[in-house]
Amino acid sequence: MSHHTVLVTGGAGYIGSHACVELLNAGFNVVVVDNLSNSKVTSLNRVEAITGKLVTFYEADIRDKQSLSDIFSKEQPSTVIHFAGLKAVGESCEQPHLYYHNNVFGTLVLTEVMQEHNVKQLVFSSSATVYGITDKTQYSEDLPIGAINPYGRSKAMVEDILRDLAAADSKTKSDKPWKIALLRYFNPIGAHESGLIGEDPNGIPNNLMPYVAQVAIGKLPQLAVFGDDYPTKDGTGVRDYIHVIDLVKGHISAIHAFKNTQFISGNCKAYNLGAGHGYSVLDIINTFEKVTGRTINYKISPRRDGDLAEYYANPDLALKELNWKVEKTLQDMIADTWNWQSKNPQGYQ
Ligand code: NAD
Ligand code: UD1
């Protein structure tokens, strides 16, 4: 199987770099296309150190059609995993055009090039955020989509575009139909157990886990807990945290599933990637303190705009059709986050 090449857009980023490790370990050739707008090429050097294998890297923007087309001609991938995109909700509200341009237009260019090169297997990074507001706390794939900010809408729009592409193909009975997995991630945290790669946010982190890790190491003075009056078990927000290694294994499972019945005649299907249960902000703080022996200085603060009280995945479909489920515990996620943070206090710098 080592002749199968997977082209990974955004492969130098947090999730992409972990995916490269698992792809190389599974015997795939890996080609990364990344414009390094939110990452450093050091991550890929570390991927090579972990695996003892080489990654082919192109510094290019997925919106640059000519460059992308040249890469496809040269590398002849069989499958694409599409991580490239922007992901900060707050920034997306301030600069919606930037988000639609990277996430939506970028995907249009990518799929156009794929179509022209007859590469029609795609795994896409979607998000639980596409579910928007519902009265349910456990999300199944059949819930309606209703994102509530430009970032979320960019993901929802891409999902629609990809469903339309696959549907058009099945109408014309293409002899090589699109096979597309829309993977809806819940909250990825953690790092590779080597501590060589991990999440390296620019500036002050928006997300809970990197924020907690930076308080623990003394880079930030105090965590603000956004609300303790939610209708949850302890009043703080509840999320479904998933170890980044479990998450990227879900992508390998999706590639394998392209051979299975549900994809045989081509299809576009959404799968939740989550554990199926949630932890509160206080659970995270308490477990972090227990696992690392550090004290997290925190203060109960006002709610953050746009936050929901509680949600977590129904991961049954991924188990049934992708034969995938999470294996790691919250302790693993925190121990690996701390290992990465303490070995790389300045990230990749
Ligand atoms: P990341 O920023 O670390 O990785 C994204 C990578 O894409 C970066 O290396 C960046 O340089 C690159 N990139 C961005 N725009 C590009 C472009 N136009 N051309 C080429 N490269 C480009 O983010 P991540 O956390 O690894 O997320 C990967 C994907 O997963 C994103 O699409 C994100 O929206 C999605 N996602 C992430 C989370 C999360 O919590 N991290 C949750 C749900 C979905
Ligand atoms: C955020 C994004 C969501 C994205 C997800 C990716 C927002 C509004 N939502 O979701 O679109 O898909 O990241 O993982 O940005 N918290 C604190 N203090 C902090 C940071 C967070 O108390 O400094 C709380 C939050 O209120 C929440 C929980 O911790 O209850 C997790 O927050 P976060 O890591 O930002 O993830 P989400 O809010 O789920």
Side-chain angles (χ1 to χ4, degrees), residues 1-59 75 77-84 87 123 125 183 185 187-202 205 207 209-210 213-214 217 241-256 273 291-292 324 326-349:
M1 94 137 82
S2 70
H3 50 279
H4 275 293
T5 295
V6 177
L7 187 142
V8 183
T9 75
Y14 169 45
I15 303 170
S17 57
H18 290 81
C20 290
V21 168
E22 292 303 317
L23 285 164
L24 290 165
N25 286 342
F28 294 98
N29 296 324
V30 173
V31 174
V32 168
V33 177
D34 197 304
N35 67 0
L36 302 181
S37 62
N38 196 36
S39 54
K40 304 219 165 45
V41 75
T42 318
S43 64
L44 295 177
N45 302 332
R46 304 272 181 95
V47 167
E48 293 181 334
I50 292 168
T51 59
K53 296 179 178 172
L54 296 177
V55 173
T56 306
F57 173 60
Y58 292 92
E59 183 174 345
E75 302 294 344
S78 61
T79 304
V80 173
I81 306 184
H82 179 29
F83 295 107
K87 62 166 181 178
V123 181
S125 300
L183 302 184
Y185 310 162
N187 290 51
I189 60 171
H192 189 264
E193 62 181 6
S194 64
L196 285 171
I197 56 173
E199 186 170 11
D200 180 20
N202 255 329
N207 296 112
M209 190 45 101
Q214 292 195 12
I217 206 155
Y241 295 94
I242 171 172
H243 196 296
V244 64
I245 292 293
D246 279 335
L247 181 81
V248 297
K249 284 183 174 164
H251 296 63
I252 313 264
S253 300
I255 293 176
H256 291 312
L273 296 185
V291 169
T292 66
W324 172 91
V326 300
E327 282 163 3
K328 302 209 183 246
T329 64
L330 183 60
Q331 280 76 7
D332 298 331
M333 301 187 227
I334 289 175
D336 290 337
T337 298
W338 183 238
N339 186 37
W340 153 255
Q341 179 71 65
S342 44
K343 283 183 176 155
N344 305 271
Q346 306 305 329
Y348 287 115
Q349 253 97 304

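What you are looking at is a predicted structure, and each value in this text was computed from that prediction instead of being measured. Position 1 is the first residue of the sequence; numbering continues from there.
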Exercise. In chain order, what residues pass the side-chain hydrogen bond (donor to acceptor under 3.5 Å, both in side chains) check against Ser194, with sequence neighbours excluded?
Worked result: His192
Exercise. Looking at Leu7 and Pro77, what are the two nearest heavy atoms and their distance?
Worked result: CB-CB, 3.9 Å
Exercise. From Lys53 NZ over to Asn25 CG, what is the distance, rounded to the nearest 0.5 angstrom?
Worked result: 6.0 Å
Exercise. About how many Å separate CD1 of Ile217 and CD of Gln341, when rounded to the nearest 0.5 Å?
Worked result: 4.5 Å
Exercise. So, does Asp200 use its side chain to make a donor-acceptor pair with the main chain of Ser39 at under 3.5 Å?
Worked result: no
Exercise. Do you see a donor-acceptor pair shorter than 3.5 Å between the side chains of Asn45 and Thr42?
Worked result: no
For this session: Rounded to the nearest 0.5 Å, what's the gap from CZ on Phe28 to CD1 on Ile255? Could you check?
Result: 5.0 Å
Exercise. When you measure from the side chain of Ser78 to the backbone N and O of His4, does any donor-acceptor pair fall under 3.5 Å?
Worked result: no
Seminar exercise, completed: Nearest heavy-atom approach of Ala84 to Thr9 is N-OG1, 3.0 Å
Exercise. What residue among Ile50, Val30, Val6 forms side chain to side chain contact (heavy atoms under 4.5 Å, CB included) with Cys20?
Worked result: Val30
For this session: Starting from the C-alpha separation in whole Å, work towards a yes-or-no answer on side chain to side chain contact (heavy atoms under 4.5 Å, CB included) for Ile15 and Lys87.
Result: CA-CA 12 Å; Ile15 303 170; Lys87 62 166 181 178; over 6 Å; no
For this session: Please examine the side chains of Gln214 and Pro205, heavy atoms only from C-beta on, and report whether any two atoms are closer than 4.5 Å.
Result: yes
Exercise. Looking at CG of Leu196 and CG of Asn344, how far apart are the two atoms once the value is rounded to the nearest 0.5 Å?
Worked result: 7.5 Å
In a table with atom names and distances, give each donor-acceptor pair under 3.5 Å that connects a side chain of residues 246-253 to protein atoms at least two apart or in another chain.
unit_1, atom_1, unit_2, atom_2, d
Asp246, OD1, Glu327, N, 3.2
Asp246, OD2, Glu327, N, 3.0
Asp246, OD2, Lys328, N, 2.9
His251, ND1, Leu247, O, 2.9
His251, NE2, Tyr185, OH, 2.6
Ser253, OG, Lys249, O, 3.1

Determine all donor-acceptor pairs shorter than 3.5 Å in which one atom belongs to a side chain in residues 333-340; sequence neighbours excluded.
unit_1, atom_1, unit_2, atom_2, d
Asp336, OD2, His243, NE2, 2.8
Thr337, OG1, Gly190, N, 3.3
Thr337, OG1, Met333, O, 2.8
Asn339, OD1, Lys343, NZ, 3.2
Asn339, ND2, Glu193, O, 3.0
Trp340, NE1, Glu199, O, 2.9

Exercise. How far apart are the closest heavy atoms of Ser43 and Ala12, and which atoms are they?
Worked result: OG-O, 2.8 Å
Seminar exercise, completed: Shortest non-hydrogen pair, Gly11 vs Asp34, comes out as N-OD2, 3.5 Å
For this session: Determine yes or no for a side-chain-to-main-chain donor-acceptor pair under 3.5 angstrom, with Asn207 supplying the side chain and Met209 the backbone.
Result: no
For this session: For Tyr14 and Ile197, indicate whether the former's side chain and the latter's backbone hold a donor-acceptor pair under 3.5 Å.
Result: no
Problem set entry | Where Phe83 and Ser125 come nearest, the two heavy atoms and their spacing | CD2-OG, 3.1 Å
Problem set entry | Pairwise side-chain contact, Val8 with Val55, heavy-atom cut-off 4.5 Å (strictly under) | no
For this session: Quick one: do Leu330 and Val291 satisfy side chain to side chain contact (heavy atoms under 4.5 Å, CB included)? Show the steps, please.
Result: CA-CA 10 Å; Leu330 183 60; Val291 169; over 6 Å; no
Problem set entry | Gap between atom OG1 of Thr56 and atom CG of Leu44 - 0.5 Å precision | 10.5 Å
